[in-house]
Amino acid sequence: MTARAVRADNRDIQPWPRDVSHEPQMTIGQVLERVKPQFPALTISKIRFLENEGLLSPWRNPAGYRKYSLADIERLRYILAEQRDSYRPLKVILEQLRALDAGHEVDRVPTARLVADRGKTQLPATDHVSVRQLCDLTGTSKSDIEQFVQLGLINPDLSGYFATRCVHVVNLILALRRQGIAPRNLRVVRNSAERTADLIDQSVESMRARGRAGDIERARAQSQELAELTADLQREFLRLAIDKLSQ
């Protein structure tokens with residue numbers, strides 16, 4: 001059931017979010033212009049894909065043209081943030097949105113915050129952070145970051161920026177180091193993740209190879225779901241292995 005279906009079934013329940021305007025007034029291009037600075041990889045085809053999957057329900061006039069509200073934009077930001085920061089599959093995000101539409105609270109995984117010079121905190125504005133931001137967000141030194149790069153644990157892009165997800169990766173590396181595991185010994189974990197990624201890539205390759213925008217987005221969504229499943233499987237394998245050590 002989509003957000004607008006919820007509203008149609010119960011006129012007293014307005015779809016989430018309820019504290020912003022639901023008046024349809026923007027084109028899909030205007031939505032892209034507003035949201036793309038925070039999520040640079042966003043495309044019009046991605047927005048339409050999310051609509052086809054039932055996560056967005058823009059208003060349509062009799063001719064079929066879409067119009068989006070400020071509430072639609074906030075739902076889109078929520079979806080993209082959950083994908084980026086929590087790696088949640090779309091079906092899980094859809095369940096979260098349905099819960100929010102029904103007036104329930106949804107627990108969200110907190111994202112890292114950057115401490116500004118004047119003591120204020122703010123979220124990183126893009127999908128990438130600089131070396132300095134990565135140091136500030138993790139409380140480590142530039143030399144540590146350089147070491148992690150040399151070990152292949154994290155990798156900057158051609159401009160020297162890191163994916164925002166590297167903030168969590170670095171925090172985990174630092175936590176393991178405090179527990180006595182040297183970063184150089186974590187390369188085996190990184191190599192295992194890359195082999196798993198190759199396996200996932202092979203499973204969606206045929207879908208992505210069709211070249212249609214919808215198929216490409218479906219391949220991305222399926223990759224995220226497979227990543228969650230394989231991560232759960234890896235966790236259980238690890239627990240079984242640890243249990244054997246204590247026998």
Side-chain angles (χ1 to χ4, degrees), residues 1-3 16 38-43 45-56 75-102 104-112 123-124 126-129 137 152-155 162-173 175-176 186-210 213-243:
M1 183 181 295
T2 65
W16 181 89
Q38 187 178 0
F39 300 94
L42 182 64
T43 61
S45 63
K46 170 77 176 221
I47 298 174
R48 288 175 175 166
F49 170 73
L50 293 174
E51 179 185 347
N52 291 337
E53 294 298 309
L55 285 90
L56 290 175
R75 288 178 76 94
L76 176 59
R77 287 191 174 118
Y78 178 91
I79 295 164
L80 298 175
E82 285 295 288
Q83 283 189 303
R84 181 191 65 189
D85 301 333
S86 304
Y87 239 164
R88 297 194 192 280
L90 289 182
K91 63 181 180 181
V92 174
I93 300 175
L94 179 58
E95 292 173 359
Q96 292 177 326
L97 288 171
R98 287 172 174 168
L100 290 168
D101 287 337
H104 302 298
E105 294 292 330
V106 173
D107 292 332
R108 299 188 65 184
V109 176
T111 55
L123 292 171
T126 68
D127 290 339
H128 295 80
V129 294
L137 288 161
L153 300 178
I154 56 174
N155 294 300
F162 295 85
T164 305
R165 185 167 295 278
C166 287
V167 173
H168 188 47
V169 171
V170 170
N171 279 329
L172 290 173
I173 294 171
L176 288 167
L186 297 175
R187 285 180 291 187
V188 63
V189 180
R190 174 63 189 260
N191 292 339
S192 175
E194 290 181 344
R195 288 196 296 270
T196 302
D198 288 340
L199 176 64
I200 293 173
D201 184 61
Q202 292 172 16
S203 70
V204 301
E205 182 179 7
S206 60
M207 184 186 304
R208 186 176 55 247
R210 296 169 192 164
D215 289 327
I216 292 174
E217 293 300 337
R218 288 186 182 88
R220 289 176 181 171
Q222 185 174 346
S223 295
Q224 291 176 342
E225 292 188 19
L226 290 173
E228 289 291 321
L229 291 172
T230 53
D232 288 342
L233 180 60
Q234 174 68 14
R235 186 181 301 109
E236 294 307 314
F237 281 152
L238 182 57
R239 286 171 176 166
L240 288 172
I242 293 298
D243 288 342

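The figures that follow rest on heavy atoms only: side chains count, while hydrogens, waters and symmetry mates do not.
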Trainee: Would you name the heavy atoms of L94 and E53 that are closest together and state the gap between them?
Mentor: CD2-O, 4.1 Å
Trainee: Got a list of side-chain donor-acceptor pairs under 3.5 Å for residues 231-240, not counting sequence neighbours?
Mentor:
| residue | atom | partner | partner atom | Å |
| --- | --- | --- | --- | --- |
| D232 | OD1 | R235 | NH1 | 2.7 |
| E236 | OE2 | R239 | NH1 | 2.7 |

Trainee: Please determine if R98 and E95 form a salt bridge, counting it only when a charged side-chain N lies under 4.0 Å from a carboxylate O.
Mentor: no
Trainee: Can you measure from CG (L137) to NE2 (H168) and round to the nearest 0.5 angstrom?
Mentor: 13.5 Å
Trainee: Quick one: CD1 on I200 to CD on Q224, what's the gap to the nearest 0.5 Å?
Mentor: 10.5 Å
Trainee: So, taking the atom named NZ in K91 and the one named CD in E228, what distance separates them when rounded to the nearest 0.5 Å?
Mentor: 10.0 Å
Trainee: Just how far is it from atom CD1 of I79 to atom CG of L97, taken to the nearest 0.5 Å?
Mentor: 5.0 Å
Trainee: Decide yes or no for L80 and R77: does some side-chain heavy atom of the first lie under 4.5 Å from some side-chain heavy atom of the second?
Mentor: no
Trainee: Where the side chain of T196 meets the backbone of S192, is there a donor-acceptor pair that is under 3.5 Å apart?
Mentor: yes
Trainee: Any heavy-atom pair between the side chains of V204 and L226 that's under 4.5 Å?
Mentor: yes
Trainee: Restricting to non-hydrogen atoms, name the atom on A219 and the atom on R208 that form the minimum distance, rounded to 0.1 Å.
Mentor: CB-CB, 4.0 Å
Trainee: What's the separation between atom CZ in R190 and atom CD1 in I154, rounded to the nearest 0.5 Å?
Mentor: 9.0 Å
Trainee: Run the side chain to side chain contact (heavy atoms under 4.5 Å, CB included) check on L100 and Y78 step by step: do they pass?
Mentor: CA-CA 11 Å; L100 290 168; Y78 178 91; 3.9 Å; yes
Trainee: Tell me, please, which residues at least two apart from D215 pass salt bridge (charged side-chain N to carboxylate O under 4.0 Å, His left out).
Mentor: R210, R212, R218
Trainee: Which atom names give the shortest non-hydrogen contact between Q83 and R165, and what distance separates them?
Mentor: O-NH2, 3.9 Å
Trainee: Flag the pair L90 / L50 as yes when at least one side-chain heavy-atom distance between them is below 4.5 Å, and no otherwise.
Mentor: yes
Trainee: Yes or no on side chain to side chain contact (heavy atoms under 4.5 Å, CB included) for E82 and V92, after CA distance, side-chain angles and deciding distance?
Mentor: CA-CA 10 Å; E82 285 295 288; V92 174; over 6 Å; no
Trainee: For a 4.5 angstrom cut-off between non-hydrogen side-chain atoms, does L56 reach I47?
Mentor: yes
Trainee: Heavy atoms only: give me the nearest T43-S45 pair and the separation to one decimal.
Mentor: OG1-OG, 2.9 Å
Trainee: Residues in salt bridge (charged side-chain N to carboxylate O under 4.0 Å, His left out) with E225, at least two apart?
Mentor: none
Trainee: Roughly how far, to the nearest 0.5 Å, is CD of Q38 from CG of L76?
Mentor: 9.5 Å
